[in-house]
Amino acid sequence: MSDPIRVLVVDDHSVVREGIRHVLEGTEGFRVVAEAANGAEALERAADERPDVVLLDLTMPGISGLEVVRQLRERLPDTRVLILSVHDDREYVLESVRVGAHGYLRKDSSPADIRRAIRVVHAGDSFFSPPVARHLAAAVQDQSSTDPLGTLTTRERDVLLRVARGRTNREAAAELGISVRTVETHRDSLMRKLGIHTVAGLTRFAIERRLLEEPPP
C-alpha cells in the first residue's frame with residue numbers, strides 16, 4: 001500500500017480547516033500533517049513538515065496567498081500547491097498560475113473534487129475546476145493572432161508539456177528516452193522562441209493553450 005499524501009491545510013477560518021481535515025482524513029490515502037491560519041505560519045509549517053501538497057486559501061491576514069505560493073515554489077520546489085478559494089476572478093486565477101500554483105479550486109467544490117484535485121497535482125499534473133478553466137480559456141482569446149506555439153518542434157513541445165506537468169529535466173529525459181543535456185537544450189530553445197523564461201510562465205502558457213488536456217505523448 002502506498003504512503004498517504006501528506007497535506008498542509010492553510011486557511012484563516014478554523015471551521016474551514018476542520019472541514020477539510022474531515023474530508024481528507026475520512027478517506028484512505030490522505031494525511032493532514034499540519035494546519036496554518038496565515039501566510040507566515042504556512043511557510044513555517046511547510047518548512048517543518050515538507051508536505052506533498054499545500055491546500056491554500058488566497059485571502060488571509062498578513063502575507064498574501066499569492067506571495068505564499070511564490071515563496072513555497074522557491075523554497076520547496078517538490079511541494080505541490082493547490083489553491084482553494086472563494087474567489088474565481090480571472091486575475092486571481094491567472095496570477096496564481098503565474099506565481100506557480102499547480103491547481104485552483106473554488107470553495108464550493110465537492111469533497112470528491114477536492115480529493116481528486118489533490119491526487120492529480122500530487123501525481124505531477126495540474127487541476128483546475130471547470131469555472132476556473134473557463135477563465136483560463138478566455139485568456140487565450142486575448143492573445144495576439146500570432147501563435148508562437150507553431151514555431152516549436154515536436155520535441156520542444158514534448159519538453160514543454162513535461163515542464164508544465166512539473167517534471168524535472170532528469171524525469172523528462174527518462175520519459176522521452178533522451179539525455180538530460182538534450183532536454184536542457186530543447187528547454188532553452190522553447191523558452192527563447194516563446195519569450196518565457198520561468199517554469200511558472202511555461203505552465204501558464206501550456207494551460208492557456210489547453211495543452212495539459214492532451215494525453216502525454
Side-chain angles (χ1 to χ4, degrees), residues 7-12 16 20 34 36-47 49-107 109 114 117-118 120-129 131-140 142-143 148 160-169 187 190-191 194-213:
V7 181
L8 166 61
V9 178
V10 184
D11 195 288
D12 60 331
V16 174
I20 293 172
N38 56 61
E41 189 178 359
L43 294 171
E44 292 177 3
R45 297 290 181 272
E49 299 293 342
R50 296 189 173 269
D52 299 315
V53 176
V54 175
L55 191 61
L56 174 71
D57 187 16
L58 284 180
T59 308
M60 296 181 294
I63 304 173
S64 73
L66 292 172
E67 177 61 18
V68 172
V69 177
R70 189 188 66 77
Q71 293 194 35
L72 285 172
R73 299 296 294 123
E74 289 182 355
R75 300 179 187 184
L76 301 171
D78 293 333
T79 294
R80 312 288 286 178
V81 183
L82 178 63
I83 303 299
L84 181 65
S85 177
V86 68
H87 302 290
D88 68 348
D89 304 85
R90 180 171 169 181
E91 285 309 309
Y92 275 103
V93 174
L94 294 180
E95 190 59 30
S96 296
V97 173
R98 290 188 189 104
V99 297
H102 299 98
Y104 198 116
L105 287 168
R106 296 200 320 188
K107 279 190 175 178
S109 298
I114 293 173
I118 292 174
V120 168
V121 300
H122 177 251
D125 287 325
S126 300
F127 186 98
F128 297 90
S129 59
V132 172
R134 284 195 288 272
H135 284 304
L136 294 173
V140 177
D142 293 340
Q143 66 192 9
L160 169 62
L161 288 175
R162 281 158 177 80
V163 170
R165 288 190 169 101
R167 306 295 196 269
T168 64
N169 288 347
R187 181 167 164 167
L190 70 89
M191 282 183 165
L194 298 178
I196 300 172
H197 304 289
T198 65
V199 171
L202 291 176
T203 302
R204 180 192 171 207
F205 180 88
I207 291 169
E208 290 178 347
R209 301 305 192 277
R210 307 186 77 168
L211 300 180
L212 297 183
E213 298 177 11

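As a basis for the values below, the full set of heavy atoms in this structure was taken, side chains included, without hydrogen atoms, waters or symmetry mates. Only a predicted model underlies this, so the values are computations on that prediction, with no experimental measurement involved.
- The ring pair (Phe, Tyr, Trp, His ring centres under 6.0 Å) analysis of residues 59-81, with sequence neighbours excluded, yields no pairs.
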side-chain contact (heavy atoms from CB on, under 4.5 Å) between Val68 and Val54, intermediate numbers included: CA-CA 10 Å; Val68 172; Val54 175; 5.9 Å; no
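- Between the OG1 atom of Thr203 and the CZ atom of Arg98 there is a distance of 13.0 Å, given to the nearest 0.5 Å.
- Side-chain contact check for Arg80 and His122: no donor-acceptor pair (N or O, by modelled atom type) lies under 3.5 Å.
- To the nearest 0.5 angstrom, Arg106 atom CZ is 10.5 Å from Ser85 atom OG.
- Between Thr59 atom OG1 and Leu66 atom CG the span is 8.5 Å, to the nearest 0.5 Å.
- Heavy-atom minimum distance, Leu84 versus Lys107: O-CE, 3.6 Å.
- Closest approach of Ala117 and Leu105 over heavy atoms only: CB-CD1, 3.5 Å.
- The salt bridge (charged side-chain N to carboxylate O under 4.0 Å, His left out) check on Arg70 picks up Glu67, Glu74, with sequence neighbours excluded.
- To the nearest 0.5 Å, atom CZ of residue Phe127 and atom CD1 of residue Ile83 are 14.0 Å apart.
- The shortest non-hydrogen separation linking Ala164 to Ser126 is O-OG, 3.9 Å.
- Atom CG of residue Asp78 and atom CG of residue Leu72 lie 12.5 Å apart, to the nearest 0.5 angstrom.
- Under the 3.5 Å distance criterion, the side-chain polar atoms of Arg45 are left unmatched by any main-chain donor or acceptor of Ala34.
- For the atom pair CG of Asp11 and CG of Asn38, the computed distance is 11.0 Å after rounding to the nearest 0.5 Å.
- One N or O on the side chain of Thr79 and one on the backbone of Pro51 form a donor-acceptor pair closer than 3.5 Å.
- In terms of heavy atoms, Tyr104 sits closest to Leu58 at OH-CD1, 3.4 Å.
- Partners of Arg50 by side chain to side chain donor-acceptor pair (under 3.5 Å), not counting sequence neighbours: none found.
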